[in-house]
Amino acid sequence: MRRARAFATWAVQLFELFVKTMASQGVAIHEHDIERAEIVIDAVDGESLPAPVRVCIPTEEAAAIVVMMRDHLITPPGESPADPAELTVTELVDDLKESIRGSLARSPDRITFRRGKFVYQLTPSEIVELARANVTHVRTDTQVESFELDPLFRVPDYAVCADDPLPLLDAILEHESGDDVIVTHLGAGPLEDLLHDRRDQWPRVDDRARRQPVWAAAASGSWLPGHLHDQLPEPRRSGHSHRHRNMTVTPGPAPLR
């Protein structure tokens, strides 16, 4: 309990540092809410945005990045050690500004920070476009130039980071047309990543797998370590549910606490 309170206090301080750094880096903040971990931005570097952008930055996400960076910082000879939090948060603000500028044409109203990335929710037309491109790349094993956005990499990022990633996975499965390659690739790739990192999506995935055979087939190709498998909803752990196929898992030891 004491450790949890200490982490909560540190997380609040980190969020406040993020807000302070944003303001010093040319980000005009309309309002911020520590309880919801949200910041509403009106302008960037003196340029007003077409509409305010609500940025959600869960403090545990930013905290993980700070810890990671602290472990990898190297101080050049003759220079004073940098403050890991200051350095990391400054880099996050730079990434945020770049993400906002890059998405202005789409006028996003919300950007979320997860797993070191700032991601906005795709529009329905963008979801269809990315799903179609992903299916084409999976079926043809198409190679892309280094400067192009590869749908094979964009989909897993979106599955893990977006506020609501399931419409994209729905759209991909709608293109499967009995093609096991699409279903298997989704189950062992983006869906497996989502199940591993996004417990908030477990009930919705479980509901889809109960109602839609193609979702059940995709989930059956997902692998989870034992300690996560044991926390799944009971029907998903049963192994031989009569309503849908279950996820393929390898039980393992629970993590040390």
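Below, each value reflects all heavy atoms present in this structure, side chains not excepted, and no hydrogens, waters or symmetry copies.
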What I'd like to find out is whether the side chain of His185 reaches to under 4.5 Å of the side chain of Ile172, using heavy atoms alone.
no
Please report the closest heavy-atom contact between Ala162 and Pro165, naming both atoms and the distance.
O-CD, 3.6 Å
Shared hydrophobic cluster, Ile29 / Leu49 (ILVMFWY, side-chain heavy atoms < 4.5 Å):
yes
Got more than 12 heavy atoms from elsewhere within 6.0 Å of CD, Gln212?
yes
Sequence neighbours excluded, the answer for side chain to side chain contact (heavy atoms under 4.5 Å, CB included) partners of Gln25 is Thr21, Thr90, Val93, Asp94, Lys97
Go through the steps for Leu168 and Ile127 under the test side-chain contact (heavy atoms from CB on, under 4.5 Å), then give the verdict.
CA-CA 5 Å; Leu168 175 59; Ile127 286 176; 4.1 Å; yes
Verify the cluster assignment for Val160 and Tyr158: are they in a single hydrophobic cluster under the rule of side-chain heavy atoms below 4.5 Å apart?
no
I'd like to know whether His175 forms a side-chain contact (heavy atoms from CB on, under 4.5 Å) with Thr136, so could you lay out the CA-CA distance, the side-chain angles of the two residues, the decisive distance to 0.1 Å, and finally the verdict.
CA-CA 10 Å; His175 285 278; Thr136 298; over 6 Å; no
According to a hydrophobic-cluster definition based on side-chain heavy atoms being under 4.5 Å apart (Ile, Leu, Val, Met, Phe, Trp, Tyr only), do Leu169 and Trp202 belong together?
yes
Quick one: CG on Asp206 to CG on Leu195, what's the gap to the nearest 0.5 Å?
10.0 Å
Against Leu194, only a single residue in Asp200, Leu186, Leu166 fulfils side-chain contact (heavy atoms from CB on, under 4.5 Å); can you say which?
Leu166
Go through it in stages, so that I can follow the logic: the residues are Arg54 and Glu31, the test is side-chain contact (heavy atoms from CB on, under 4.5 Å), and I'd like the CA-CA distance, side-chain angles, deciding distance and then a yes or no.
CA-CA 9 Å; Arg54 187 176 300 275; Glu31 64 180 4; 4.2 Å; yes
Is there a donor-acceptor pair closer than 3.5 Å between any side-chain N or O of Trp215 and the backbone N or O of Arg210?
no
Is Val19 reachable from Ile111 through a run of I, L, V, M, F, W or Y residues, each pair having side-chain heavy atoms under 4.5 Å apart?
yes
Atom of Val155, atom of Pro190 and distance for their closest heavy-atom approach
CG1-CG, 3.7 Å
Give the intermediate values and the outcome of side-chain contact (heavy atoms from CB on, under 4.5 Å) for residues Asp164 and Gln121.
CA-CA 7 Å; Asp164 184 7; Gln121 192 71 29; 3.7 Å; yes
Residue pair Glu192 / Trp223: nearest heavy atoms and the distance that separates them
OE1-N, 2.8 Å
Would you say Val40 and Phe113 are hydrophobically clustered, going by side-chain heavy atoms of ILVMFWY under 4.5 Å?
no
Return the CD to OH distance between Glu126 and Tyr120, rounded to the nearest 0.5 Å.
4.0 Å
Quick test of your reading of the model: are Arg101 and Glu47 salt-bridged, counting only N-O distances below 4.0 Å?
no
Smallest separation among heavy atoms of Arg198 and Ala159, with atom names:
NH1-O, 3.9 Å
Counting distance only, does the side-chain N/O of Ser48 pair as donor-acceptor with the main-chain N or O of Ala43 below 3.5 Å?
no
Check whether more than 12 heavy atoms from other residues, nucleotides or ligands sit under 6.0 Å from atom CD of Glu98, and answer yes or no.
no
Less than 4.5 Å apart, side chain to side chain, heavy atoms only: is that true for Ile41 and Met22?
yes
Supply the atom-to-atom distance Leu92 CG to Phe18 CZ, rounded to the nearest 0.5 angstrom.
5.5 Å
What's the spacing between Arg154 CZ and Leu122 CG if we round to 0.5 Å?
6.5 Å
Between Val55 and Phe118, is any pair of side-chain heavy atoms under 4.5 Å apart?
yes
Asp95: which residues meet the salt bridge (charged side-chain N to carboxylate O under 4.0 Å, His left out) condition with it, sequence neighbours left out?
none
How close do Ile39 and Phe15 get, heavy atom to heavy atom, and via which atoms?
CG1-CZ, 3.8 Å
Identify the heavy atoms of Asp193 and Pro156 that sit nearest to each other, and give their distance.
OD2-CB, 3.8 Å
